[in-house]
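Here's the structure we're looking at; comments come further down.
Chain letters run A, B, ... following the sequence lines, proteins first, then strands; residues in each count from 1. Note that this is a predicted model, so its numbers are computed, not measured.
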Amino acid sequence: MADLKTNFLGIESPNPFWLASAPPTDKEYNVRRAFEAGWGGVVWKTLGAEGPPVVNVNGPRYGAIWGADRRLLGLNNIELITDRPLETNLEEITRVKKDYPDRAIIVSLMVPCEEAAWKAILPRVAETGADGIELNFGCPHGMAERGMGSAVGQVPEYIEMVTRWCKENYDKPVIVKLTPNITDVRFPARAAKAGGADAVSLINTINSIVSVDLDQMAPEPIIGDKGTHGGYCGPAVKPIAMNMVAEIARCPQTHGLPISAIGGITTWRDAAEFMALGAGNVQVCTAAMTYGFKIVEEMISGLSQWMDEKGYTSTEDFIGMAVPNVTDWQYLNLNSVSKAKIDQDACIKCGRCYAACEDTSHQAIAMSEDRTFTVKDDECVACNLCVNVCPVENCISMVELQPGELDERTGETVSAEYANWTTHPNNPSAQAAE
Amino acid sequence: MAQGQTAPGIVSGRLSSEDIAANFDDLHPAYAPHEAAVAADRCYFCYDAPCVTACPTDIDIPLFIRQIQTGHAQAAAKTILDQNILGGMCARVCPTETLCEEACVRETAEGKPVEIGRLQRYATDTVMAAGVHPFERAASTGKTVAVVGAGPAGLACAHRLAMLGHDVVIHEAREKAGGLNEFGIAAYKSTENYAEAEVDWLLKIGGITIENGSALGRGVTLDGLRDAYDAVFLSIGLGGVNALRAEGEDKDGVRDAVDFIADLRQAADLSALPVGRNVVVIGGGMTAVDAAVQSKLLGAENVTIAYRRGREAMGASRFEQDLAASKGVKLMFNVQPVAVHGNGAATEIELEYTSSAGGELTGTGETTRLAADQVFKAIGQTLEGAPSELALDGRKIAVTGAGRTSVNGVWAGGDCAAGGDDLTVTAVAEGRDAAMDIHEAMKG
């Protein structure tokens, strides 16, 4: 079995699966259970400044989106940072770290945007023996209204400033957790780097309303008769998170900045995908909240098996491997021509490809009297919609034409040359290929 | 105290009342809401869906399933009932395995079709449970139509005509409406008196009067009906039963399977219904399976279906054959009855093996005997009491188009009319389509 041991910012953990700062890591009891279950590390649920703790609502904190069989696809929460006294959390962190020296413990922090507040809490955290800190610049609800969380994360200058304070007043790694509720994630990532961050972690939850109760006419979860926007997470957010991770990984200014990926990671494959896009490790929350801590066993065995199959002996072997293949649209090869092909033996004749193509796309699929569906090569633009709506895996595939073959749609012979939009004659700002 | 399965002769109470009640429980239990949502989600919403093509009443199956999936089971029911007013019963009795579910692409893909029948039942049950009748009558046209026979075809025809604003009188020979839904069909497919409840619900449309005890030759004649009404629809079913043409078929213990099933369906207490220890059912259709399985469920020790051709020629679907086998019914193929033996009452049946060459069935001369104190004939029903002025097509009333007979102003549908598969669902389609044709014709 491949060794999953990871070294992230010099912090070693037996595997790359950490629990994200969230309810599962709010207490010693939960964290001990997590470590016993096999999690490689935790980011302890966000601590606030000394003084009376925050209060949470006393009604429902979560809302959800489900598949037909109640599979949880997306979760939304309006919970705040820890509502337990600072001292209690610090004592518990100290005890747990002492008992689990081989596991990573990162402490998530959120205090007012004043240097004094950070200077006050950082030494206290250092005393616990925790391996590092994560700056919560992400929570989109409640704390943001008080000038913290995503209110900081949405202003790159603040990110840089607070990160710098932390680096100046704390010796161990500083991870900056980013909010996705911004226009371009590269700006806050660059700011974190400029402030001296050792790494960024992303994404925090996405501003959301998951559902509206059409009888009460209020967004869910409803507290009394009102609801508010919450933070969206779970499998549904994974594509958004992966793009943001990739953007930071391939941006020349932030390339190489370590990334701890968060966002809907539920299986080993999700983790592998994020790591291929440049993440050094991953953080999990919703999957654990849905299935319990035991789910890490599948992640560990699955990732090991896949690494064995691929011949990777360390996670370092594949981290970032997909990054060079993420590019801008303008650099895609316009001379790469594909056509959809339907495997008639696999086809079950549902006609979804036909409806999709005929009604909403390019009228490139023919339907015969006996429900045989075939692709019209002279109409097919290889959009892939038929593949996506087909209920049978591998029934429809995209077959790339070889150089020299005729593209029946354009009447042109497929070229072996690479050519993209930057040099295309239709591009008003095309530069002549030199 | 139960008499036991080995008690000789034809006796009642072979099993305890509890066992009999359990045996006759719903064959396909109703879905709970979550089950229905999950089952509905399996539908691929096919383009020009094969299941719709396979449905004799052309129900928009993908649409009604999607309506269930999105939480509107009553709207789903309306989609079903628009096409098939007896959609509730059809959900229970349709051989879906040879109709919509056989055509389902998921049957092709994985051998597990979307459970269309159970979903249809889920939808229609919600409307029945709510006591809602989702159709309203059009303004009265002043036209009147006589329907003869209150089976599926007659009821479907009457409902559609009533909805279109015509007044309908159904002449029904029996004391209850429903036809084979009420008197035929296995009890475990129509539990909790469903057939009767469905008729009551159907009649909520208004404008339909049922005259029980009235039939052609019993109070009314075709000429009389033609004079008194603007149109006549005949849905008189098949009242006769084919003879065995075997020696000794008049012995006690030999009877028509349809009569046994009718008795069973009307019995207030199934533990009081007599059944033989050794039952042999002659035939290979749905009626044969219904009679055989129910005999077994009543406590008969040995039940055999004896069919003169091979399994592949059997009218009952493979699902029905497997159901029979799972209940302990033995299926014998390529045997035909030659004699019923016994001193006054049947004790044995003698069967001759058959072989078929070029479609011709011949006895091989080799015979075997089975113990048989009860023999049910389920070898097909025949048209009985059809007015002589109607032209026949083979042994049924000849029709053209949407059920037009050779006599002007007279339509026919259901089992008595030529064509169709003798299924409830086919009868409903024929009744409905004839009603539309009658409606057009009466406009003049």
Side-chain angles (χ1 to χ4, degrees), chain A residues 64-74 210-216 220 235-236 340 342-376 385-397, chain B residues 31-55 58-76 96-116 118-120 122-123:
Chain A
I65 301 256
W66 297 275
D69 203 8
R70 291 283 285 191
R71 180 192 280 224
L72 191 72
L73 303 177
V210 283
S211 55
V212 175
D213 184 309
L214 291 176
D215 295 317
Q216 293 195 59
E220 296 178 299
I342 300 173
D343 178 347
Q344 298 298 340
D345 292 333
C347 177
I348 59 172
K349 301 183 188 296
C350 69
R352 275 168 52 156
C353 59
Y354 176 81
C357 195
E358 194 71 10
D359 287 352
T360 72
S361 295
H362 300 86
Q363 297 76 48
I365 293 180
M367 176 179 173
S368 72
E369 282 286 314
D370 69 343
R371 298 183 73 82
T372 300
F373 299 92
T374 44
V375 175
K376 299 184 229 169
L385 182 63
C386 54
V387 173
N388 297 141
V389 302
C390 177
V392 180
E393 210 176 348
N394 300 322
C395 174
I396 310 180
S397 48
Chain B
Y31 278 135
H34 180 72
E35 281 181 292
V38 174
D41 195 59
R42 294 187 67 235
C43 174
Y44 286 148
F45 206 74
C46 294
Y47 180 80
D48 190 14
C51 54
V52 181
T53 309
C55 175
D58 293 308
I59 292 171
D60 191 339
I61 295 164
L63 179 61
F64 95 68
I65 291 178
R66 196 157 185 82
Q67 288 170 313
I68 291 174
Q69 222 283 312
T70 58
H72 280 171
Q74 288 202 26
T96 51
E97 63 278 5
T98 59
L99 297 170
C100 52
E101 291 179 17
E102 181 181 53
C104 177
V105 298
R106 296 201 77 153
E107 168 66 26
T108 315
E110 61 218 76
K112 290 196 184 78
V114 174
E115 292 190 306
I116 299 166
R118 286 182 80 187
L119 285 163
Q120 179 164 320
Y122 177 78

Can you name the nearest heavy-atom pair linking Val38(B) to Ala68(A), along with the distance?
-> CG2-O, 3.7 Å

Heavy-atom contact with chain B under 4.5 Å, split by part of Arg371(A) | side chain

Would a 4.5 Å heavy-atom cut-off, applied to side chains only, mark Met367(A) and Asp48(B) as touching?
-> yes

Kindly say whether Tyr44(B) contributes a backbone atom to a donor-acceptor pair with the side chain of Arg352(A) at under 3.5 angstrom?
-> yes

Chain A contact via Gln69(B) - side chain, backbone, both or neither, heavy atoms under 4.5 Å = side chain

Minimum side-chain heavy-atom gap Glu110(B)-Ile348(A) below 4.5 Å = no

Does some side-chain heavy atom of Glu358(A) sit less than 4.5 Å from a side-chain heavy atom of Tyr47(B)?
-> no

So, do His34(B) and Asp69(A) sit near enough that their side-chain heavy atoms are less than 4.5 Å apart?
-> yes

May I ask you to name which of Ala346(A), Cys353(A), Ala355(A), Pro391(A) has the most heavy-atom pairs under 4.5 Å with chain B?
-> Pro391(A)

